[in-house]
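Reviewing the structure listed below.
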Amino acid sequence: MEANTSLWHSYLGVVVSRERQRMEHFQRAEDILLTLLESVHAREPRFLVEYARNLEALEFSLCASEDAVALEMPVRIDGDTLRVLACQPKDTPGRHPPELNTCYLGVCSPGTGLEDWTGVVDVMEHGGGAGCLLPGKILQHLKELLVSAIVHCQRLFLLQPGDISAENLQEDAMELSLLIRGSWKTIRFDIVPVVRRQQEPLWLQRRQRDSGFPEGSLRKATEEAHFVPASPHCWRSSTHLPILKLLREVDTLGGPRLDSLRLLDQLRDQDWGGEDGKGSLTFNHLKMVLLWSTELFPSPEDWQDLEGSVYRLLVILLRCLATQHLPHFLNPGENLFQGMAPDLASLYHKVESFAWDPQRFLRFHFGLHGFSGSWQADTETRALLHLPTEDGSYWDTAYFDMLLSQFQVYRIQDSARRSAASQLLSKILQEIPQQS
């Protein structure tokens, strides 16, 4: 047991040891970016500079891969005066279907100082044209300002040659990508303008309490709506920063919660990708799994040791892969695995192999991908993971406690929880022959 524990912590130790250097790269790149954004703000005060980027830094430090850093740049607009209007199908982009809350942002009255960013669009509620804030115009303006600011800062020697590259700026992209050199590492920042407005906290729509989270944290994280460009005419609701705020709250709870995320993300990057090293599973998926595990396993007893904490995330991830359905934590009706079916079966097999034989994976290797061969999984556990879930059942603590017991990493003393998991297992085992 002690040798097993040492293996888990040795693997995690290597992951954590890399973070300091990664953060040094991020901070240097962030300083360069802030210099650039200050120049943009000086030319156009409606684009605001936020200096506190602790949430983005936290995400960058946790993520094992070289993913782009999403950076929202606030626009000086009173979002509460804007009307949220349904988008016409012709303006809804294919990659953001209507169910993802795409919308127009209607400007209520002229003379708001936004005339150069507005245009007339056909709005169903009005039966005709209405003046709306157009993300395409704002993006174009911001793009021009960024290019101008780069030239200006270089002329004043505020930026050194090679510090920043705008070669990734695309004409029709909904984000503005800049490559910034942080020491010897180049980091990509995807800049998006964001309009903020107050809203009823999302958690009130489905929760009565902050299960597993610090009191009030769900309300605070979702009290403000963030709208980012979805198409030249439409906006979409972004949960990027609210999710990062919840991730920060999880860290305050103590225990190896974020360490579990670190460890699984390293495995995702190292062992769970495709032949080219890239896979469908992303860090954003794992963030969502951690948030669900925080809610479904609210007791501090669940987060006493690293191995047990990792398995709390694993059983939820395996269930989502088996059913090909990962609900968004703040918008449970949204399936984050939508359209990924061809890749999920192979990914499930890799994650399941780790769950049954973690020692085979808890080592670093370079060049080749570490996953090879197969593992004979327990047929009963696999059947439990693949139970049908059309009615939304089997998404509660008792079900996942039952799975933890199958993997022999339960170790919970709460008699009520143990009894509930045991009773559920007996009930399901009686039903499985009828389902097959």
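Keep in mind it's a predicted model, so treat the numbers as computed, not measured. Heavy atoms only: backbone and side chains are in, while hydrogens, waters and symmetry mates are out.
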Parallel, tilted or perpendicular, as decided by the 30° and 60° cut-offs, for the rings of [Y] and [X]:
X	Y	value
Y311	F407	tilted
F329	F213	tilted
W303	F297	perpendicular

Do [X] and [Y] have side-chain heavy atoms sitting under 4.5 Å apart?
X	Y	result
K427	L425	no
N284	K287	yes
L241	H226	yes

### Query
Is it true that atom CD of Q338 has more than 12 heavy atoms of other residues, nucleotides or ligands lying nearer than 6.0 Å?
no
### Query
Would the number of heavy atoms belonging to other residues, nucleotides or ligands and lying under 6.0 Å from CD of Q408 be above 12?
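Atom CD in Q408 is not crowded, with 12 or fewer foreign heavy atoms closer than 6.0 Å.
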### Query
Taking C234 and C103, which are both Cys, do their SG atoms fall under 2.5 Å of each other?
no
#### Entry: Sub-6.0 Å ring centroid separation between Y394 and H386
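No, the ring centres sit 6.0 Å or more apart.
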#### Entry: Ring centers of F337, H285 separated by less than 6.0 Å
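Yes, the ring of F337 comes within the 6.0 Å limit of the ring of H285, centre to centre.
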### Message
Under a plain distance cut-off of 3.5 Å, with no hydrogens placed, do Q406 and E380 share a side-chain donor-acceptor pair?
### Response
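Yes - a donor-acceptor pair under 3.5 Å links their side chains.
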### Query
Between OG1 of T282 and CG of D67, what distance do you get to the nearest 0.5 Å?
7.5 Å
Is any NZ, NE, NH1 or NH2 atom of the basic residue among [X] and [Y] found under 4.0 Å from an Asp or Glu carboxylate oxygen of the other?
X	Y	result
D302	R417	yes
R411	D305	yes
R53	E56	yes
D357	R360	yes
D190	R188	yes
D31	R28	no
R319	E352	no
K185	E66	yes

### Side-chain donor or acceptor of S211 paired with backbone N/O of E295 under 3.5 Å
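Yes; judged by distance alone, with no hydrogens or angles, the pair exists.
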### Query
Does the cation-pi check pass for R22 over F60, that is, NZ or CZ under 6.0 Å from the six-membered ring centre and within 45° of its axis?
yes
### Task
May I have the step-by-step check of salt bridge (charged side-chain N to carboxylate O under 4.0 Å, His left out) for R262 and D259, ending in yes or no?
CA-CA 5 Å; R262 287 182 174 95; D259 285 342; 2.8 Å; yes
